[in-house]
Amino acid sequence: MQETENKMKDQKYIGKSAVRIDGKVKVSGAAEFIDDLDFGPDLLYAAIVESKFAHAVINKIDTSDAEKIPGVVKIVTGKDFPFRFGLYMHDRFIFAQDRVRFVGEQIGAVIARDAATALKAAKLVKVDYTELPAILNVEQSLTKDAFLIHPELRYYKHVPWFFPKGETNIAHLRKVRKGDVQKGFKEADFIFEDTYTVPRYAHCAIEVHGAVGLYDNSDRLTVWTASQSPYTQRNLFAEALAPLGLSHKDIRVVTPFIGGGFGGKAGVSMEILGAALAIAMKGRPVKVLWSRAQEFYNTYQRQGLTARIKVGLKKDGTIIAMDNILNWDAGAYVEYGANVVNAAGLSASGPYNIPNVSIDSVCIYTNLPPGGPYRGFGYSEFLFGLESHLNEIAKKMKIDPIQLRRKNAIREGDILNYGGKMNANGLIEAIDKVEKEIEWNKKETSSDPNKAIGKGIALFWKAPAMPPNASSSAFLKFNEDGSINILISGMEIGQGLLTVMAQIAAEVLTVPPEKIRVETPDTDRNPYEWQTVGSHVTWGCGRAVESAAIDAREQIFDIVERALGKDRKSLYLDDECVKSKTDTNFSLSLRDFIIAGIQKPDGSYRGGPILGRGMFMPEFTSALSDPETSQGGHPNVHYTVGASAVKIEVDRQTGKVKIPKVVLAVDVGKALNPDLINGQITGGLLQGIATVLYEDMRFNEKGKLINANFTDYKIPTSMEIPDEIVPIIIEVPQPDGPSGARGVGEHTMIPCAPMIANAVEDALGIRIKSMPITAEKIAMNLKHSL
Amino acid sequence: MKPFEYKAVHSIEEACSALAEYGSDAHILAGGTDLLIELRKQNIRTPKVVVDISFIKELRGIESINGTINLKPLATHTQLLQSSILHQYASLLSSAASVIGSPQIRNRGTIGGNIMNAATCADTVPPLIALGAKITLKLKSGSRQLDLSDLFIKPYQTKAKPEELLTEISFLKLSPNAKSSFIKLGRRNALAISRLSVAAILFFNEKGIITEARIVPGAALPIWRRVTEAEQIMIGEIPSTELFKTAGQKVSEVMISHTGRRWSTEYKEPVIATLVRRALEQCV
């Protein structure tokens, strides 16, 4: 383990709710988002020619009518860019080549002087198709004689931890085998099996995706994107466009503030168009801005899941065997989504210590929009089934559902599914605190005879899903006045990263966060970061910033030692000054020398600009393991755990659910900024509640998304916020985290669906095994149960 | 958005002249909360001329004259829900206005627009029909008055001629022996279209016996009407849960007899009965 330093000391800035440094610009409207950037009068606009079919062969594309529209500058199609791309598997093209695989897929683009003209002309591009049978669900996709969605699957380039099954629609199969699951079931006194389904979801970030590309006359490609992943984008652009002679050094990605990401703006989806169209229009910037409808059907969607869960227990409630089959509807392209399947597969036994485990997590192509990352990265989906199922088991075995969980909860040192050991964690403390706060043992009834009250609980865990060499880096530059600029490529996506990075540096350098400026990435200026995903940047990027600050501090001590002959071991920083433990009168203000250096009696100087450099790579991880069992590697850096409980009031006739109270306890290792964590807890809970009670994605029989708008795809408003939200922060330090911190971004959402399902069951005695749990579904289930 | 001509008018006369001139090519703009969305859709309903009546002062306001309330068509939902006259004499209408859309939509949207757009989910229409509202439609020459319940042909279609302008909605104040309520069921608590709604008024004599009942469900029937079949059950009776339950079931039966069974019927059938019962319970 790479231990962090200075975590046990008294801390001045860490653990305090520093005001977020991007707060004022955002509240005042000064913050710029992609659509605010001004590219001058030469800016061109692109509109997309989209597939009408879920599955079809493209015979011919006729652009002649579109070209006649005044204002149209150029029309680009697949033949102009016959290049594959993808994050973990190269299964996509920039534009469809001979085949389209989902409704809305990009076939071509019209570049015009204004957006309306581009849109009008795009509609005039005639595409001649031959329709193919579309596969719209996993059952259909897995049948023996199913049409192959990717006949060339076996030739696709992919990361070594994927196992595609050529000549099938299975893009990846993650198999986990721990212990002896058959023996486990033989020894079990009870076996419970059931199937739970989770449909697709949209991220619904307030800002749509957008990209502006400029390939200038110096052969430099700059792409401004609304993104969580500037460096990953640069890498994928470079990979895809390498045949045209571009190299990484020629490509620059700039990401201004973004209006929410939630995973949807990770990796590369539509942004590849910004890069490609710029290449097609050398010398002029080209802008592609998604409509809200496109935001729904051509970015990433959260994948659908059918989970068959089988659990074997001893009479006393000890779980001794679990066998889960997770069939994921991963959509038309899985270059990112297959890793969701992979990560979820490794952890789909939940935060429990189970000796015998078998998991098949299956990534299945369908002719629906591409699946991909969404806050929780597969964990929300399998937890719905698993945590619902545990309540059903508790009910049938007449064990209190919290007791069942406490009995089986994973503890430090327990063996994980891939053979590693569980990290230190506060899961039991979380269960205890949530149980108390929700008054678990107090049965409540409503004064209104139409209403039933129910309580539900769910545990959660999640590890960052990252390649073993995912790394972060940071530069820290001192300025003449002693202020600091920190350069990182971790992305501020609303979580407060910029503020927390300033706090981390402030703690090391004793410079208050108000004197530190941290800005959003520009790959020319800011050093490498893998991606802002997986709840890992506080941890990973935080370590890089901490080490950059330590690097700067050591340079400072070095200068003072060399110029003034002070023993560096006696030196320390306090209140923006260098001080000495042995010479208490000595105090040298940082601003006096961090650029100018320290003058010697002879008039010469020692020192020079202080420039800290920091890097962090989790060198203890590895994705190499036995493909048949997943044993042998160390794919996950650590798990963040917690528990959540809810009290609901449900209308017995209409099925409408109201939430008087919800509690969530999460072990964050160390709360670097408690206010920001409380914000994550509140936001995560609301997003999770939205998916279970309101959001309902509908496709027609031709695979077309029919509610790609906010009128028909309902997300909650401020009127649906629970009456009371109680965030509980637990701090069992993560030894290798900055000041002991670990990530918390996704964890606050993932227990919501099963917790609500369990509360509905508690209130009404009905078990709903498919999401969403809408008012209508509750009322219908109740009616049929009577 | 297809191009269209925009014409602002500043008096009722000017508005009627414009409508007479353009006929079915024209569409009236009041608050714009429905029309502007239609215009963006680029569909065939896009009018050639948009006649903006929002500047006409005579079409604004809520008047109380003796026993009658006159609503002008440009009265916004916010004005309805804030009106003390309506709170006192037609509280079901202010309740209905208070659950339309969001504050922004309530600030823009007008009662005239809500009526004339004739969407089955229009929230102010069931209360107005329960109140026995009459409307005045004005032509360039002359005008006519008709019962609001006679205005509608089918969803999004009224008997008003393209040349006619809605100038007034009027109804009698509810007497102190009447109690009213409005219940709406949406998929969420704001910015939601009614899945079902119920407007109810009960009149009582001094012994507490129901002398008159009015029930108008919303988003349930092809066109709005009082469900007299259910209303009659209650006349001469003392309020009771059983009675209201029976009335609710009757409304549900009537709904099914009109709409037949659809995918949503399984849910709406019991729920409309429940909503009617609850609306009636609120009238006691």
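The sequence lines fix the lettering, A, B, ..., with proteins before strands; numbering per chain opens at 1.
To the nearest 0.5 Å, atoms CZ (Arg652(A)) and OG1 (Thr274(B)) are separated by 12.5 Å. Rounding to the nearest 0.5 angstrom, the gap separating the CD atom in Glu776(A) from the NZ atom in Lys268(B) is 9.0 Å. Rounded to the nearest 0.5 Å, atoms CZ (Arg188(B)) and CD (Glu720(A)) are 7.0 Å apart.
Proximity of Thr711(A) to Ile37(B): side-chain heavy atoms (C-beta onward) are nowhere separated by under 4.5 Å. By the 4.5 Å heavy-atom criterion applied to side chains, Leu185(B) and Gln653(A) are not counted as neighbours. For the pair Lys783(A) and Glu266(B), the minimum side-chain heavy-atom distance is below 4.5 Å. For the pair Met780(A)/Tyr267(B), a side-chain contact is recorded, criterion being any heavy-atom separation below 4.5 Å from C-beta on.
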Do Asp651(A) and Arg278(B) pass the side-chain contact (heavy atoms from CB on, under 4.5 Å) test, and can you show the C-alpha distance, the side-chain angles, and the key distance before you say yes or no?
CA-CA 12 Å; Asp651(A) 187 313; Arg278(B) 290 183 189 174; 2.5 Å; yes
Asn450(A) and Arg277(B): side-chain contact (heavy atoms from CB on, under 4.5 Å), yes or no, with the steps?
CA-CA 11 Å; Asn450(A) 296 313; Arg277(B) 170 175 64 78; 3.2 Å; yes
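Residue Leu196(B): no heavy atom, backbone or side chain, is found under 4.5 Å from chain A. Contacts between Ile715(A) and chain B at a heavy-atom distance below 4.5 Å involve backbone atoms as well as side-chain atoms.
Contact record, Met719(A) with Ala190(B): CG-CB, 3.4 Å, taken as the closest heavy-atom pair.
Between the side chains of Asn189(B) and Lys656(A), at least one donor N or O sits under 3.5 Å from an acceptor N or O.
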